Amino acid sequence: AAKRAGRDRVTAYQPVMRTARETFTWVADGLRHALATEELAVHYQPVMDLATGRAVAVEALLRWTLSARGPVSPAQFIPVAEETGLIVPVGAWVLRRACTDARAWYERYGISLTVNVSGRQLAELDFADLVLRTLTDVGLPPEALILEITETVLIGSAEEGAGQALATLNRLREHGVRIAIDDFGTGYSSLSYLAQLPVDILKIDRSFVPAAEAASGDDHAFTRAVLQLGASRRLPAIAEGVETAEQADLLRDMGCPLAQGFLFARPGPVEVVAAELARTNGDRAGDDRPGGSPVGSG
Ligand code: C2E
Ligand code: MG
Ligand code: MG
Ligand code: MG
């Protein structure tokens, strides 16, 4: 069966027009086999403290590379993984891989790990058990782990009929695992919603990071409003997709403590990130101000 799927996969790369259905099918088939082969990898992107220039966390980002075709974008395969339910085993694999890789960084630098979690995973009855068991197996303390859940999924979990997902999140938080709202600002955030959600950290969506050149007052007003929403609940904010030094300066001036983006580092494989962290967080990196970062644990 693997052989047949392999052949189908190769024919799928012919540069012909494909229907959405055909694309869906080859992505789903390919992903099913990717778990068994070595096509999946986890890359990491540092989250920086804007005041110290040190990394306080790394975000785990799934990568899928086909030998015949090259990388497939998460924007293409994550939705298919969610729709087929494959995100459940794939997500479990990502979590274990990432916890294993991040342990040394936690021990050396007090750096936390953030892992994206889909609604489909959160809906699994044993999700909290899976996370806690993985942490125990790997030897990573729960305080080192942050689960990223999109605003829409979090709001759904707080609504009626989804008490199970909420119970899962509360149980994980009781153990010390933290929850970040991912893509914050893109859903229907309001102060009243935010107050009900079981969250510890806000990840400000890239669309709210002030545009480098067209920095009109309005852009800043939106960014400020989103940051104030977080500050009103004393939640530390991470700005996503920071690409320029001007953006980082603006965000720092607006009171945003943390950021990630191409300016600091692109997501990279474990060895590359290890070298980056040695540079930013190693003994002789930066100044020696004491810890106390809102997200790192060290
Ligand atoms: P996300 O969680 O919001 O992740 C941030 C995305 O922004 C990543 O895209 C990252 O590579 C990209 N990014 C980081 N810095 C910059 C920047 O300065 N400029 C720009 N233009 N982009 C930047 P990526 O890796 O393609 O992932 C896309 C989405 O796929 C993620 O969005 C996340 O929702 C999902 N995803 C990735 N890995 C996983 C996973 O293991 N599990 C689940 N459930 N979803 C995942
Ligand atoms: Mg994320
Ligand atoms: Mg995400
Ligand atoms: Mg995001």
Side-chain angles (χ1 to χ4, degrees), residues 27 31 34-35 39-48 50 55 57-65 70-102 112-124 127 130-131 134 145-154 178-187 199-212 237-248 250-251 258-270 272-273 276 295:
V27 171
L31 207 49
L35 260 179
E39 295 169 353
L40 293 183
V42 180
H43 283 194
Y44 301 92
Q45 184 179 41
V47 175
M48 310 304 293
L50 288 171
V58 291
E59 177 173 9
L61 293 159
L62 182 58
R63 295 293 178 256
W64 181 24
T65 307
V72 187
S73 160
Q76 182 170 31
F77 73 79
I78 294 285
V80 177
E82 288 174 342
E83 202 178 315
T84 54
L86 280 166
I87 195 67
V88 172
V90 168
W93 180 85
V94 169
L95 182 70
R96 184 167 290 264
R97 177 78 261 156
C99 287
T100 305
D101 287 342
S112 300
L113 166 70
T114 82
V115 177
N116 290 281
V117 172
S118 295
R120 193 77 183 245
Q121 293 170 269
L122 191 59
E124 291 286 297
F127 183 69
L130 174 95
V131 171
T134 303
L145 181 65
I146 298 165
L147 299 178
E148 295 194 8
I149 301 171
T150 62
E151 189 177 2
T152 322
V153 167
L154 267 178
R178 283 167 295 168
I179 309 298
I181 303 194
D182 202 0
D183 307 337
F184 184 68
T186 59
V199 293
D200 306 284
I201 295 158
L202 302 185
K203 296 200 71 173
I204 315 276
D205 190 71
R206 183 150 58 90
S207 57
F208 289 96
V209 169
I238 303 173
E240 298 191 280
V242 175
E243 296 182 352
T244 69
E246 290 92 326
Q247 290 175 324
L250 272 167
L251 286 161
L258 307 166
Q260 67 189 102
F262 297 166
L263 170 66
F264 309 105
R266 289 184 180 256
V270 61
V272 173
V273 177
E276 273 164 15
V295 168

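Nothing here was measured: the structure is a model prediction, and the numbers come from that model. In listed order, ligands and their atoms are each counted from 1. Computed from heavy atoms alone, side chains included, the values below leave out hydrogens, waters and symmetry copies. Numbering starts at 1 and runs along the sequence shown.
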When you compare the side chain of W64 with that of V27, does any pair of heavy atoms fall below 4.5 Å?
yes
Side-chain donor or acceptor of D200 paired with backbone N/O of I179 under 3.5 Å
yes
At less than 2.8 Å, how many protein N/O/S atoms surround the Mg ion (ligand 3)? Leave waters out.
2
From S73, P269, P71, P267, residue fulfilling side-chain contact (heavy atoms from CB on, under 4.5 Å) relative to R63:
P267
Of all pairs that satisfy salt bridge (charged side-chain N to carboxylate O under 4.0 Å, His left out), the ones with a partner from residues 74-98, not counting sequence neighbours:
R96-D137, R97-D101
Given the rule in the side chain to side chain contact (heavy atoms under 4.5 Å, CB included) test, do Q45 and F262 qualify, once you have shown the distances and angles that lead to the verdict?
CA-CA 9 Å; Q45 184 179 41; F262 297 166; 4.1 Å; yes
For ligand 1, output the ligand-protein N/O contacts shorter than 3.5 angstrom; if there are none, return none.
{"from": "ligand 1", "atom 1": "2 (O)", "to": "E59", "atom 2": "OE2", "distance (Å)": "3.2"}
{"from": "ligand 1", "atom 1": "2 (O)", "to": "N116", "atom 2": "OD1", "distance (Å)": "2.8"}
{"from": "ligand 1", "atom 1": "2 (O)", "to": "D182", "atom 2": "OD2", "distance (Å)": "2.8"}
{"from": "ligand 1", "atom 1": "3 (O)", "to": "D183", "atom 2": "OD1", "distance (Å)": "3.1"}
{"from": "ligand 1", "atom 1": "3 (O)", "to": "E240", "atom 2": "OE2", "distance (Å)": "3.3"}
{"from": "ligand 1", "atom 1": "15 (N)", "to": "Q45", "atom 2": "NE2", "distance (Å)": "3.1"}
{"from": "ligand 1", "atom 1": "18 (O)", "to": "F262", "atom 2": "N", "distance (Å)": "2.8"}
{"from": "ligand 1", "atom 1": "19 (N)", "to": "E243", "atom 2": "OE2", "distance (Å)": "2.5"}
{"from": "ligand 1", "atom 1": "21 (N)", "to": "R206", "atom 2": "NH1", "distance (Å)": "3.1"}
{"from": "ligand 1", "atom 1": "21 (N)", "to": "E243", "atom 2": "OE2", "distance (Å)": "3.2"}
{"from": "ligand 1", "atom 1": "25 (O)", "to": "R63", "atom 2": "NH1", "distance (Å)": "2.8"}
{"from": "ligand 1", "atom 1": "25 (O)", "to": "R63", "atom 2": "NH2", "distance (Å)": "2.8"}
{"from": "ligand 1", "atom 1": "38 (N)", "to": "L62", "atom 2": "N", "distance (Å)": "3.1"}
{"from": "ligand 1", "atom 1": "44 (N)", "to": "S118", "atom 2": "OG", "distance (Å)": "2.9"}

Expected output: side-chain R178 to main-chain V295 donor-acceptor under 3.5 Å
yes
Could you walk me through whether S118 and V153 pass side chain to side chain contact (heavy atoms under 4.5 Å, CB included), step by step?
CA-CA 8 Å; S118 295; V153 167; over 6 Å; no
Quick check: of its N, O or S atoms, which one does E59 have closest to the Mg ion (ligand 2)?
OE2
With sequence neighbours excluded, residues passing ring-ring contact (aromatic ring centres under 6.0 Å, His included) with Y44:
W105
In this structure, which one of I78, T84, L62, L95 forms a side-chain contact (heavy atoms from CB on, under 4.5 Å) with V90?
L62
How about D183 and E240: do any of their side-chain heavy atoms sit closer than 4.5 Å?
yes
